[in-house]
Number of protein chains: 2
Amino acid sequence: MLRLSKLADYGVVLMAELARDPECGSHNARELAELTRLPFPMVGKVLKRLTRDGLLVSQRGIHGGYALARPAEQIPVSKVISALEGPVALTACGVAPGSCEHEPSCHVRTPWEYINRAITETLDRVTVADLVRPASAIAFAELGVR
Amino acid sequence: MLRLSKLADYGVVLMAELARDPECGSHNARELAELTRLPFPMVGKVLKRLTRDGLLVSQRGIHGGYALARPAEQIPVSKVISALEGPVALTACGVAPGSCEHEPSCHVRTPWEYINRAITETLDRVTVADLVRPASAIAFAELGVR
DNA sequence: ACATAGAGGACCGGAGAGGTCCTGTAAATA
DNA sequence: TATTTACAGGACCTCTCCGGTCCTCTATGT
Ligand code: SF4
Ligand code: SF4
């Protein structure tokens with residue numbers, strides 16, 4: 001089973017698409033939908049959320065569109081995911097203390113903290129720029145993401 | 001949001017509970033439900049699945065119960081999760097090739113492979129034994145899971 | 001003014017998670 | 001052998017939330 005919502009998956013695809021040609025700053029939603037073959041209404045929804053979270057900047061009006069708010073190297077994948085489906089955490093106790101009813105009697109909460117942190121850090125290390133680089137293997141190995 | 005199903009969460013909790021006292025081999029489902037404060041029917045369901053997947057051994061009859069099939073050090077958390085909710089993969093393309101309709105036109109499939117692998121390996125390194133050890137911090141640091 | 005494109009929602013249907021229960025079958029004991 | 005206990009394997013139900021669409025409003029360029 002996949003644990004990443006499609007919303008987040010689409011978000012990563014779209015961010016990567018925007019990072020492909022570093023110059024051409026502005027892409028509008030319709031254009032991006034065609035490039036990625038994703039349903040247009042979904043693309044709009046995702047882009048709006050990413051903008052509200054400060055990962056994209058938008059321009060309204062006749063020549064409007066979206067562009068990366070920062071250089072792709074400074075946007076970790078974890079930010080994209082958390083913008084679209086909340087904080088990255090495998091367990092309920094990882095998102096906010098007290099969100100799991102079994103917390104008082106649970107003995108594995110602390111170990112999960114470490115695991116959650118490790119996974120979060122993995123997703124922190126990979127940036128949107130890494131998604132569009134060819135010869136990814138080398139780059140990922142350097143990041144400790146074998 | 002949490003991406004781990006409650007079924008898998010319960011599974012980890014129960015495996016850890018079984019690993020707590022290394023000797024006392026046999027715990028029955030009702031006993032485990034009381035120890036963990038989890039709803040009894042759920043506990044039964046989870047234990048049955050874990051047994052079918054070979055992570056536990058079961059004994060029927062009047063003094064029946066469940067026990068770890070192997071020493072806790074040899075049971076990675078990833079196995080517990082995959083037994084209860086399928087293979088660990090963030091993206092649809094990570095579980096089986098062809099499971100995502102956008103695969104042909106998707107440019108981020110390859111990068112995701114590396115990320116998926118990194119996360120899987122993290123969950124492979126942590127074993128059930130690590131969940132019941134005190135002073136977890138040191139142990140996890142040694143595993144590269146900071 | 002007018003056409004375009006984003007902002008921000010409401011809205012809906014279906015899938016799947018969470019949870020319960022029922023009927024078998026194996027094992028131990030009297 | 002009869003009985004009791006506890007696992008095996010499902011079916012089944014409910015309810016949330018995901019995936020997806022659509023509508024109205026506002027900002028911008030011509
Ligand atoms: S407190 Fe325990 S049961 Fe609750 S989410 Fe955390 S690990 Fe799971
Ligand atoms: S192929 Fe692309 S769109 Fe499909 S699941 Fe993989 S990353 Fe996501």
Side-chain angles (χ1 to χ4, degrees), chain A residues 1-11 13-14 18 25-34 36-67 69 81 83-86 90-92 95 99-102, chain B residues 1-11 13-14 18 25-34 36-67 69 81 83-86 90-92 95 99-102:
Chain A
M1 287 290 187
L2 70 161
R3 304 268 136 256
L4 197 66
S5 70
K6 283 201 177 183
L7 222 65
D9 187 11
Y10 292 172
V13 171
L14 289 166
L18 276 166
S26 184
H27 288 283
N28 67 29
R30 193 171 306 274
E31 195 178 340
L32 285 168
E34 286 168 9
T36 57
R37 312 268 178 197
L38 298 178
F40 170 61
M42 276 282 106
V43 170
K45 190 181 207 170
V46 170
L47 293 173
K48 279 180 248 178
R49 291 209 198 176
L50 290 173
T51 305
R52 206 181 333 177
D53 248 64
L55 295 175
L56 297 177
V57 288
S58 64
Q59 174 74 3
R60 293 195 187 186
I62 187 135
H63 284 135
Y66 294 90
I81 295 175
L84 290 163
E85 59 174 27
L90 294 189
T91 55
V95 307
S99 52
C100 172
E101 51 179 334
H102 306 103
Chain B
M1 286 290 186
L2 71 162
R3 302 270 136 258
L4 196 66
S5 70
K6 283 201 178 183
L7 222 65
D9 187 9
Y10 292 172
V13 170
L14 289 167
L18 276 166
S26 183
H27 287 282
N28 66 30
R30 193 171 308 273
E31 194 179 342
L32 285 168
E34 285 166 10
T36 57
R37 313 265 177 199
L38 298 179
F40 170 62
M42 276 282 106
V43 170
K45 190 181 205 171
V46 170
L47 292 173
K48 280 181 246 177
R49 290 209 197 177
L50 291 173
T51 304
R52 205 180 334 178
D53 249 63
L55 296 174
L56 297 178
V57 288
S58 64
Q59 175 73 4
R60 293 196 186 185
I62 189 138
H63 286 134
Y66 294 92
I81 296 175
L84 289 162
E85 61 175 26
L90 295 188
T91 56
V95 306
S99 54
C100 173
E101 53 180 332
H102 306 104

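Order of the sequence lines sets the chain letters (A, B, ...), proteins ahead of strands, with each chain counted from 1.
Rounding to whole angstrom units, OH of residue A:Tyr10 and P of D:dC18 are separated by 14 Å. Residue A:Arg3 contributes atom CZ, which lies 15 Å from atom P of D:dC17 at whole-angstrom precision. Protein atom NZ of A:Lys6 is 15 Å distant from nucleotide atom C1' of D:dT21, rounded to whole Å. Counting to the nearest Å, the P atom of C:dG19 and the CG atom of B:Leu38 are 9 Å from each other. The nearest whole Å value for the distance from the CE atom in A:Met42 to the C1' atom in C:dC12 is 12 Å.
Contact annotation: the side chain of A:His102 never approaches that of B:Val13 to less than 4.5 Å [non-hydrogen atoms, C-beta and beyond].
The line from CD1 of B:Ile62 to CG of B:Asn28 is 11.5 Å long, rounded to the nearest 0.5 Å. The CG atom of B:Leu84 lies 9.0 Å from the CG atom of B:Leu14; values are rounded to the nearest 0.5 Å. Interatomic distance, CG of B:Leu38 versus CD of A:Glu101, reported as 8.5 Å (0.5 Å rounding). The CD atom of B:Glu31 sits 12.5 Å away from the OH atom of B:Tyr66 when rounded to the nearest 0.5 Å.
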task: Just do the side-chain contact (heavy atoms from CB on, under 4.5 Å) check on B:Lys6 and B:Met42 with the steps written out, would you?
output: CA-CA 10 Å; B:Lys6 283 201 178 183; B:Met42 276 282 106; over 6 Å; no
- prompt: Could you run down nucleotides 3-13 of chain D 5' to 3' and tag each one B, S or - for protein heavy-atom contact under 4.0 Å?
  reply: --BSBBBS---
